[in-house]
Amino acid sequence: MPETPSFQSPTGTRDFYPVEAARRRFITEAWRRASILHGFEEVDGPIFEHLELYTVKSGEEIVADLFSFTRKGAEKTYALRPEFTPTLARLYATKANSLPKPTKWFTAGPFFRAERPQRGRLREFLQWNVDLLGDASPAADAEIIATCVSLLRGLGLTAQDVRVKINHRKALAEWLTQRGLPIDRQPALLKLLDNKGKMPPAEFAKEIAAFGFAPEQAEVFQKGLIRVTIDERTPTGAPADTVVDVTYFSEAITPLARELAAAGVLDWVDFDLSIVRGLAYYTGMVFEVHEASGAERAIAGGGRYDNLVELFGGPPTPAVGFGMGDVVLALVLQDRKLMPEDPKLMEVAGQRPDVFVLSNGTPEAEAQVKPLVGLLRARNLHTRHTYRQTRNVGKLLEEAVKLRARFAVIVETGTTATVKSLETGQQTPPVPIPDVAKLVGG
RNA sequence: GUGGCCAUAGCUCAAUUGGUUAGAGCACCGGGUUGUGAUCCCGGGGGUUGCGGGUUCGAGUCCCGUUGGUCACCCCA
């Protein structure tokens, strides 16, 4: 299409009309509330970074999945940020000595990945990142997960709707080593676990057998779940655990389970051996949040990354955190009918008008509309008026209702107006115009 | 990067299977009405049928390409 320019939006991006913008705000405000509720402070960085910031952590292969560019007369190569963690590590490393321990930061903003879009994945999306740095304890792990659960709960989701699936890299590796699986073969096993959902059970069983597990033990990995209770002296697993002894693993994660119980979120959690995440940099606990039936992609994912700050030039610093994108979250909310519908949405997004001012159409009354609108706005009331030509009171009230205004003010004369509550239908007798503001809450 | 499906008004869909000037509902605007949220009636604006090419007397309809959407694979920080 050489000649006429295309005005379609770029692949994998979205246009935000008022309704979509309100949905976005519904989500980002929930993110912000949950973050602040748990004592995290907002930070941010540039939306593009030097390309090397990403290749340091992820290698050259990542370049294919980035939007990168150079300036004409090229200096350096930049990339639109695909994730926040490298920026976060830089922020922390730069001021590490003066930052409190722990440092609790969150951010929310746009990120970019040059992939083919599909359900739950776009090229431009919003992501919420919550990180706790400088604390290596299981309590820190639990605090991060509790913050994530707080968000989910705040949006109306329940432990029946979504599950937090937790694994522990280090514990799993040590357990596997104890069982006699050499370190160098473990990545292949993790990869297999990660792919479990995409292959027939028989094939999975066959492949798992290659790692020295009996066929019936494959079933445990197939199922993946380990129940951990803190009521008993020794954690016990689900019945399947008798087939594969995960006692060592369970002991390793018991401190975390206790902290999760103390934080009141243990009932949202499953310990799941098949949660792998990227192999690159997680060093301990890893987790993902999934819709309970397995529909949709992961809603959130994260874990402990104790080596990363050092990798970006800071002091050795334990860290734990997660990211949550808006795309899958919105899909799950819509699946569960938890995303407010159109008129309600404006209210949720804080855009509901307080007052709609109209007149009865006489010149004296009409002349008072704009001054009154200005007066009410000066009192911090969200005030609207019509742009239509009709002065039919019925039609204008209809417009006020459609906008979900709380009050309609009808200017009756050059000096008086009536105030009608659109919620109760009650209407005052004519009052002096200067009295209107206090009648509508100004 | 690979593959399947899809594309008609802002939205949801029609168009007698290749045949006149592409229609309807919703939405939007105006009127019915110097005055109260409903219902109803009348009228209006809106389309290069995603875009480009081809076949044909004739293409929204058939063919090729392309762009975009969607779903899956790869990947998933």
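So that the names make sense, note that chain A is the first sequence line, chain B the second, and so on, each numbered from 1. If you're wondering where the values come from, they're calculated on a predicted model, not measured in any experiment.
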Between the protein and nucleotides 25-29 of chain B, list the N/O to N/O atom pairs that are separated by less than 3.5 angstrom.
from, atom 1, to, atom 2, distance (Å)
B:C28, OP1, A:K402, NZ, 2.9

Might you list the N or O atoms of the protein lying below 3.5 Å from N or O atoms in nucleotides 8-12 of chain B, with each pair's distance?
none

Restricting to nitrogen or oxygen on both sides, can you table the protein-nucleotides 3-7 of chain B pairs closer than 3.5 Å?
from, atom 1, to, atom 2, distance (Å)
B:G3, O6, A:R116, NH2, 2.9

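Regarding A:R121, its CZ atom lies at a distance of 17 Å from the C1' atom of B:G69, rounded to whole Å. At whole-Å resolution of the value, CD in A:E288 and C1' in B:C76 are 10 Å apart.
Here A:R14 does not pair with A:E124 in a salt bridge; the nearest charged N to carboxylate O distance is not below 4.0 Å. Remark: A:R113 does not engage A:E83 in a salt bridge, criterion side-chain N to carboxylate O under 4.0 Å. We find that A:R388 and A:E398 are not joined by a salt bridge, their nearest charged nitrogen and carboxylate oxygen being 4.0 Å or further apart. The residues A:R24 and A:D326 are annotated as not salt-bridged, no charged nitrogen and carboxylate oxygen being separated by less than 4.0 angstrom.
Listed by first then second residue, pairs satisfying ring pair (Phe, Tyr, Trp, His ring centres under 6.0 Å) with a partner in residues 9-29 of chain A number zero, not counting sequence neighbours. Evaluation of the ring pair (Phe, Tyr, Trp, His ring centres under 6.0 Å) test over residues 289-310 of chain A, restricted to residues two or more places apart or in two chains, returns A:Y281-A:Y305.
Relative to the ring axis of A:F111, A:R81 places its NZ or CZ within 45° and under 6.0 Å from the centre.
The ring-ring contact (aromatic ring centres under 6.0 Å, His included) test applied to A:Y387 returns A:H385, not counting sequence neighbours. In this view, A:F287 and A:F322 satisfy the ring-ring contact (aromatic ring centres under 6.0 Å, His included) rule, not counting sequence neighbours. Among residues two or more places apart in sequence or in another chain, the salt bridge (charged side-chain N to carboxylate O under 4.0 Å, His left out) test is passed with A:R121 by A:E115. A search for ring-ring contact (aromatic ring centres under 6.0 Å, His included) contacts involving A:F48 returns A:F69, A:Y78, not counting sequence neighbours.
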Discussion item. Within the 4.0 Å limit for protein heavy atoms, which parts of nucleotides 42-47 of chain B are touched? Write it as a string from 5' to 3', B for base, S for sugar-phosphate only, - for none.
Written reply: ------
Discussion item. Walk along nucleotides 36-41 of chain B from 5' to 3' and tag each nucleotide B, S or - by protein heavy-atom contact under 4.0 Å, base first, then sugar-phosphate.
Written reply: BBS---
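When the C1' atom is used for both B:A24 and B:A9, the distance is 11 Å, rounded to whole Å.
For A:R297 and A:Q118, the side-chain atoms include at least one donor-acceptor pair closer than 3.5 Å.
Secondary structure note: stems in RNA chain B built from 3 or more consecutive Watson-Crick or G-U wobble pairs under 3.5 Å occupy B:1-7 with B:67-73, B:10-13 with B:23-26, B:28-32 with B:40-44, B:50-54 with B:62-66.
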